[in-house]
Asker: 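Here you go, one structure.
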Amino acid sequence: MGDRIAMSAPLRLIQSSPALPTEADAVVIGGGIVGAFATYYLAMRGLKVALVEKGVVGGEQSSRNWGWCRQQNRDARELPISTKSLDLWDRFAADSGEDAGFRRCGLFYLSNDEEELDTWARWGAFARTVGVSTRMLDGAEATERGGFTGRRWRGGVLAPTDGIADPGLAAPAAAKAAMRHGGTVHQGCAARGIELAGGAVSGVITEKGTIRTKLAIHTGGAWASSFCHQLGIRFPQASVRQSIVAVASDQIDLPDALHTKSVSITRRGDGCHTLSISGWARVDPTPQFFRFHREFLPMFLRRWRSLSPGGLEGWRSGHETGSRWTVDQSTPMERMRVLDPTPDPRTVRLTVKRAVDLVPALRAAPVMNTWAGYIDSTPDGVPVIGEIPDVPGFILAAGFSGHGFGIGPGAGHLIADLATGSTPIVDPRPYALSRFDKGEKIDVADF
């Protein structure tokens, strides 16, 4: 179980703790990157913390993303937590003894679109006011740095202090580090619901028994809204299905992380580069999608060129059900241990074509793997992180909108701060669920 294996996306599997505790200071529900880091930072503070995961740690979107850890082009509401996260990524290996594959390799952007370049330049001017390093490249420098494409470019961006981590290693590494500090990790253990006493959290009910606790933290990604629905909490969330292609690229001179409008390319730690089209995704209709569609209209109208109708796979997966379940019977989480959606064949073909058009040398790189994942989003593209006032002791951290991997350490640290009453690592107010109260204007993130 300690070896890295290929499920759909490559993932290192870890061993679970031997026994489910009967009580804990905190229970984290969901073993993705945010949940694993929340468990780590809580355990570091001496709390007795248990992480429960219905499938395997890192099995869903946390292992299926690009692996980018970036400040570049972040929405202003996310930039502070992005900057803090990079510092935490830097320190994690030394502090924990675990390898998440992180390195500040820099991110490289190329473009022939003047409007896109102007947008990047405006963001860069803002970033410099908050101490973030970013550098615009003129046509000559972009063309020289992008020589592997064989094209001329109007310009680009170099984000020298940003980097990447390995999605197949990171969440398992944080979970293992949490165990080293006394936390426990329980895979194949779905949380069915929350036990309340006087309206406040008194326990987490799992398929293997109840853990008595006054603090439950839900970091369940695409499952978060349907879980909240069981508690009467309205959390507008929708997910899209994005496909990724992995190609063998050891013999090709490529940057570690490259973005263009046509395709983005990222080095993984297994001798491959992953290829993906930024924002390009299928929208699988689900009960939850129809429930919240009005709130997502501003985002869909802004990004409709990148989104296409999907099929019924999302409906069948059960993560966006509109129904309620009972805690004494099997739940949708137990029927779908790991969301492992089917890659879209048309998107895969288009991604490979665009990558070969951009980097002709990739024509000789065989496709080694393809996978897809459900990216859960909020209506404004900014996550929800915070305690839910109507259910004291229940902290929600979800809706990371495709940005959760890079800011996972900062989000985990912020959760630990909120849980222990410590000074928050960043201002948590932009992440409050209350911003989606009816009548509030939805400010969709630019990036």
Asker: Is any side-chain N of the basic residue among Asp113 and Arg154 closer than 4.0 Å to the acidic one's carboxylate O?
Answerer: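 Result for this pair is no, no salt bridge flagged.
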Asker: Should Glu207 and Arg192 count as an ion pair when the cut-off is N to O under 4.0 Å?
Answerer: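 No.
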Asker: Between Thr266 and Asp256, does a side chain to side chain contact (heavy atoms under 4.5 Å, CB included) hold up when you go through it step by step?
Answerer: CA-CA 5 Å; Thr266 313; Asp256 286 344; over 6 Å; no
Asker: Tell me whether the rings of Phe227 and Phe394 are parallel (<30°), tilted (30 to 60°) or perpendicular (>60°).
Answerer: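 Parallel, since the angle between the ring planes stays under 30°.
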Asker: Do the side chains of Arg64 and Asp340 get close enough for a salt bridge, i.e. N-O under 4.0 angstrom?
Answerer: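 Yes, charged N to carboxylate O under 4.0 Å.
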Asker: Could you give me the CA-CA distance, side-chain angles and deciding distance for Gln61 and Asp376, then say whether side chain to side chain contact (heavy atoms under 4.5 Å, CB included) is met?
Answerer: CA-CA 9 Å; Gln61 189 55 26; Asp376 64 299; 5.7 Å; no
Asker: Do the side chain of Arg45 and the main chain of Leu42 share a donor and acceptor less than 3.5 angstrom apart?
Answerer: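 Between the backbone of Leu42 and the side chain of Arg45 there is no qualifying donor-acceptor contact (under 3.5 Å).
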Asker: Donor-acceptor pair, Asp87 side chain versus Lys84 backbone, under 3.5 Å?
Answerer: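 Side chain of Asp87 to backbone of Lys84: no pair is present.
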Asker: Just verifying a value: how many Å separate Leu362 CG and Ile252 CD1, rounded to the nearest 0.5 Å?
Answerer: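 Going from the CG atom of Leu362 to the CD1 atom of Ile252 covers 4.5 Å.
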Asker: Is a salt bridge present between Arg337 and Glu60, judged by a nitrogen-to-oxygen distance below 4.0 Å?
Answerer: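 No, this pair does not count.
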Asker: How close do Ser401 and Val382 get, heavy atom to heavy atom, and via which atoms?
Answerer: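 Closest pair (atom of Ser401, atom of Val382, distance): OG-N, 3.9 Å.
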Asker: Nearest 0.5 Å, what's the OG-OH distance between Ser264 and Tyr109?
Answerer: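 It comes to 8.0 Å.
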Asker: Quick check for you: to the nearest 0.5 Å, what is the distance between Thr260 atom OG1 and Leu358 atom CG?
Answerer: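 If I round to the nearest 0.5 Å, the distance is 5.0 Å.
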Asker: For residues Phe405 and Trp89, establish whether the separation of their ring centroids is below 6.0 Å.
Answerer: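 Centroid separation for Phe405 and Trp89: below 6.0 Å.
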Asker: Quick one: does Arg104's side chain have a donor or acceptor within less than 3.5 Å of a partner on Thr161's backbone?
Answerer: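 Judged by distance alone, yes, a pair lies under 3.5 Å.
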Asker: Under 3.5 Å, is there a donor on one side chain and an acceptor on the other for Ser377 and Gln237?
Answerer: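 No pair is found: no donor N or O on one side chain lies under 3.5 Å from an acceptor on the other.
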Asker: Roughly how far, to the nearest 0.5 Å, is OG1 of Thr219 from CZ of Phe37?
Answerer: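 Nearest 0.5 Å value for the CZ-OG1 distance: 12.5 Å.
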Asker: With no hydrogens and no angle check, is any side-chain donor or acceptor of Asp162 less than 3.5 Å from a backbone partner on Gln72?
Answerer: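 Present.
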Asker: With no hydrogens and no angle check, just 3.5 Å: does a side-chain donor-acceptor pair link Trp153 and Ser111?
Answerer: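 Judged by distance alone, the side chains do not pair up.
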Asker: Determine, for Trp123 and Arg74, whether the Lys NZ or Arg CZ falls below 6.0 Å from the six-membered ring centre while staying within 45 degrees of the axis.
Answerer: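 Negative - Arg74 is either too far from the ring of Trp123 or too far off its axis.
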Asker: Which atoms form the tightest heavy-atom contact between Ala165 and Cys69, and what is the distance?
Answerer: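 Closest approach of Ala165 to Cys69: N-SG, 3.8 Å.
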Asker: For Val359, does its backbone N or O pair with a side-chain atom of Arg151 as donor and acceptor, under 3.5 Å?
Answerer: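 Not confirmed, Arg151 side chain does not pair with Val359 backbone.
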Asker: Is the backbone of Thr342 close enough, under 3.5 Å, to the side chain of Glu313 for a donor and an acceptor to pair up by distance?
Answerer: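 Checked: pair present.
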Asker: Do Arg267 side-chain atoms and Thr274 backbone N/O form a donor-acceptor pair below 3.5 Å?
Answerer: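 Side chain of Arg267 to backbone of Thr274: no pair is present.
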Asker: Just by distance, with hydrogens left out, do Ser82 and Gln71 show a side-chain donor and acceptor under 3.5 Å apart?
Answerer: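 On atom types as modelled, these side chains do not qualify, holding no pair under 3.5 Å.
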Asker: Going by atom types alone, do Glu53 and His186 pair a side-chain donor with an acceptor below 3.5 Å?
Answerer: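 Glu53 vs His186: no donor-acceptor pair found between side chains.
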Asker: Side-chain contact, heavy-atom cut-off 4.5 Å: Met179 with Ser17?
Answerer: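 Contact flag for Met179/Ser17 side chains = yes.
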Asker: I'd like to know if Arg435 and Asp380 make a salt bridge, using a cut-off of under 4.0 Å between side-chain N and carboxylate O.
Answerer: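 Counted as a salt bridge, because a side-chain N and a carboxylate O are separated by less than 4.0 Å.
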Asker: List the atom of Ala191, the atom of Ile29, and the distance in Å for their closest heavy-atom pair.
Answerer: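 What the structure gives for the nearest pair is CB-CG2, 3.6 Å.
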Asker: Tell me if a side-chain donor or acceptor on Arg145 pairs with a main-chain N or O of Ala140 at a distance below 3.5 Å.
Answerer: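 Pair absent, no side-chain N/O of Arg145 close to backbone of Ala140.
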Asker: In a check of side chain to side chain contact (heavy atoms under 4.5 Å, CB included) between Lys176 and each of Asp99, Val57, Ile14, which one passes?
Answerer: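 Among Asp99, Val57, Ile14, the one that satisfies the side chain to side chain contact (heavy atoms under 4.5 Å, CB included) with Lys176 is Ile14.
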Asker: Please report whether the ring centroid of Phe436 lies less than 6.0 Å from that of Phe235.
Answerer: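 Centroid separation for Phe235 and Phe436: 6.0 Å or greater.
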Asker: Supply the atom-to-atom distance Glu334 CD to Lys54 NZ, rounded to the nearest 0.5 angstrom.
Answerer: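 Separation between the atoms: 10.5 Å.
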Asker: Salt bridge or not for Arg135 and Glu141, using N-O below 4.0 Å?
Answerer: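 Between Glu141 and Arg135 there is a salt bridge, with a charged N closer than 4.0 Å to a carboxylate O.
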Asker: Checking the side chain of Thr321 only, and the main-chain atoms of Gly318 only, is there a donor and an acceptor separated by less than 3.5 Å?
Answerer: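 Not a single qualifying donor-acceptor pair exists.
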Asker: Are Tyr374 and His319, when compared by the centres of their aromatic rings, separated by less than 6.0 Å?
Answerer: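 Ring-ring flag for Tyr374/His319: true, centres closer than 6.0 Å.
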Asker: Would you please test Leu137 and Val157 for side chain to side chain contact (heavy atoms under 4.5 Å, CB included) and show each step?
Answerer: CA-CA 5 Å; Leu137 307 176; Val157 172; 5.8 Å; no
Asker: Say whether, by atom type as modelled, one donor and one acceptor occur between the side chain of Ser63 and the main chain of Gly168 under 3.5 angstrom.
Answerer: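 Checked: no pair found.
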Asker: With under 30° as parallel and over 60° as perpendicular, where do the rings of His413 and Tyr41 fit, or are they tilted in between?
Answerer: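 Ring orientation of His413 relative to Tyr41: tilted.
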Asker: Look up atom CH2 in Trp68 and atom CD1 in Ile164, then write down how far apart they are to the nearest 0.5 Å.
Answerer: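 Separation between the atoms: 9.0 Å.
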Asker: State whether Arg282 and Asp344 are salt-bridged, where the test is any N-O pair (Lys NZ or Arg NE/NH1/NH2 against Asp/Glu carboxylate O) under 4.0 Å.
Answerer: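 Asp344 and Arg282: salt-bridged.
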Asker: Looking at every heavy atom in both Leu11 and Pro172, which two are closest together, and how far apart are they?
Answerer: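 Smallest heavy-atom distance, with atoms named: CD1-CG, 3.9 Å.
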Asker: After noting the C-alpha distance and the side-chain angles of Val247 and Cys272, does the key distance pass the side chain to side chain contact (heavy atoms under 4.5 Å, CB included) rule?
Answerer: CA-CA 5 Å; Val247 296; Cys272 291; over 6 Å; no
Asker: Return yes if a side-chain donor-acceptor contact under 3.5 Å exists between Arg122 and Thr119, otherwise no.
Answerer: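 Yes.
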